[in-house]
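To find a chain, count down the sequence lines: A is the first, B the second, and so on, and within it residues start at 1. Only this structure's heavy atoms are used, side chains among them; waters, hydrogens and symmetry mates stay out.
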Amino acid sequence: MNAATLRLVLDQIAGMFPDARCELNHRNPFELTIAVLLSAQCTDETVNKVTATLFEKYREPQDYLNVPLEELENDIRRIGLFRNKASNIQKLCRLVIDKHGGEIPRKHEELTELPGVGRKTANVVVSNAFDVPAIAVDTHVERVSKRFGVCKPDDSVLEVEKKLMKKVPRDEWTITHHRLIFFGRYHCKAQNPRCDVCPVLEHCKEGKSRLKAGLKKRSVTK
DNA sequence: AACTCGGGGCA
DNA sequence: TGCCCAGAGTT
């Protein structure tokens, strides 16, 4: 899919989700980093339920170090992979205090040095906390990009990111990321995507074949 | 490239 | 109930 066609698709998606913004609860870069780290492999909704009370108890890096690991684990127990994440959060806080003066660093390479922070999380942090344009490729962004042929089906996550950046103006990277997330989460879902009511179906090879197969299946069943 | 971690969401 | 998932780290 070329840049011009992608632009058409993204404009349609923008109309579907005019308020597309990832709704992670955060008031500063530190809380955003913790929230995104927690969100790995579970829904933002679940993270928000936990952070709503978590951020009342833990306000700065030192607060996470003032409790035993077991206590922090218990405080985030409702989130998947909570043992890894609790451990990572304490190590992260230790590092932020010792090497970054208690503040979340702004450089991408410094962010990915933090335990539990990979490329995706770092992109979310720089784009949402520091206003640096970035496209964080999660499974939604990856799935949608591949269904619409923005990239090849077997491209790596990094390749997906590169091709999106190449085809989208730099000042629209971050909003595009949010829109693709919403589109992927609520419409172009992994299971049972809404191809039957999709306004950009004409640009989606996979969707068209999926719909055709579905219709065929129905007609055969009847 | 494949595996692990793990409670939640959904069928 | 049993499957899959808004990743990252290790081997």
Sticking with atom [atom1], work out how far [N] lies from [M], rounded to a whole angstrom.
| N | M | atom1 | result |
| --- | --- | --- | --- |
| dC3(B) | dC4(C) | P | 14 Å |
| dC3(C) | dT4(B) | P | 16 Å |
| dG9(C) | dG8(B) | P | 23 Å |

OP1 or OP2 of [N] sitting under 4.0 Å from any side-chain N/O of [X]?
| X | N | result |
| --- | --- | --- |
| Q191(A) | dC5(C) | yes |
| T121(A) | dA8(C) | yes |
| K49(A) | dG9(B) | yes |

- Query: Between R83(A) and T43(A), which has a closest nucleotide on DNA chain B that is more 5'?
  - Reply: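 Upstream on the strand: R83(A).
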request  = Tell me which of E45(A) and L81(A) sits closer to the 5' end of DNA chain B, going by the nucleotide each one is nearest to.
outcome  =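 Final value for this comparison: L81(A).
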Do V117(A) and I97(A) share a hydrophobic cluster, counting only Ile, Leu, Val, Met, Phe, Trp and Tyr and linking them when any side-chain heavy atoms are less than 4.5 Å apart?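 Per the 4.5 Å side-chain linkage, V117(A) and I97(A) are not co-clustered.
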Are I181(A) and V36(A) co-members of a hydrophobic cluster defined by side-chain heavy atoms under 4.5 Å apart?
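Result: no, two separate clusters.
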For [X] and [N], what is the distance between atoms [atom1] and [atom2] respectively, to the nearest whole Å?
| X | N | atom1 | atom2 | value |
| --- | --- | --- | --- | --- |
| K85(A) | dG9(C) | NZ | C1' | 13 Å |
| K189(A) | dC10(B) | NZ | P | 9 Å |
| R185(A) | dG9(B) | CZ | C1' | 13 Å |
| R119(A) | dA8(C) | CZ | C1' | 14 Å |
| E142(A) | dC4(C) | CD | P | 17 Å |
| L158(A) | dG7(C) | CG | C1' | 15 Å |
| Q41(A) | dC3(B) | CD | P | 16 Å |
| K120(A) | dG7(C) | NZ | P | 6 Å |

[X] side chain, from C-beta outward: closest of [options]:
| X | options | result |
| --- | --- | --- |
| T139(A) | dG8(B), dA8(C), dC5(C) | dC5(C) |
| F82(A) | dG6(B), dG7(C), dG9(B) | dG6(B) |
| N192(A) | dA11(B), dG8(B), dG7(C) | dA11(B) |
| N84(A) | dG6(B), dA8(C), dC5(C) | dG6(B) |

Handout entry: Parallel, tilted or perpendicular: ring planes of F183(A) versus F17(A), cut at 30 and 60 degrees
Key =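 F183(A) and F17(A): perpendicular rings.
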For T112(A) and A190(A), find the nucleotide of DNA chain C closest to each by heavy atoms; which residue's nucleotide sits nearer the 5' end?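 Of the two residues, A190(A) wins.
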Look at all strands and tell whether [X] reaches a base, only sugar-phosphate, or nothing, counting heavy atoms closer than 4.0 Å.
| X | value |
| --- | --- |
| L38(A) | nothing |
| V117(A) | sugar-phosphate |
| G80(A) | base |

- Message: Do N74(A) and E70(A) pair up side chain to side chain, a donor and an acceptor below 3.5 Å, judged on atom types alone?
- Response: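 Per modelled atom types, N74(A) and E70(A) side chains form no pair under 3.5 Å.
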Exercise for review: Output yes when D155(A) and K163(A) qualify as a salt bridge under the 4.0 Å nitrogen-oxygen rule, no when they do not.
Suggested key: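 Looking at K163(A) together with D155(A), the answer is yes, because their closest N to O distance falls below 4.0 Å.
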message: Run the salt bridge (charged side-chain N to carboxylate O under 4.0 Å, His left out) test on K120(A) and E161(A) for me, step by step, so that the C-alpha distance in whole Å, both residues' side-chain angles and the decisive distance to 0.1 Å come before the verdict.
response: CA-CA 10 Å; K120(A) 182 255 178 181; E161(A) 183 182 330; over 6 Å; no
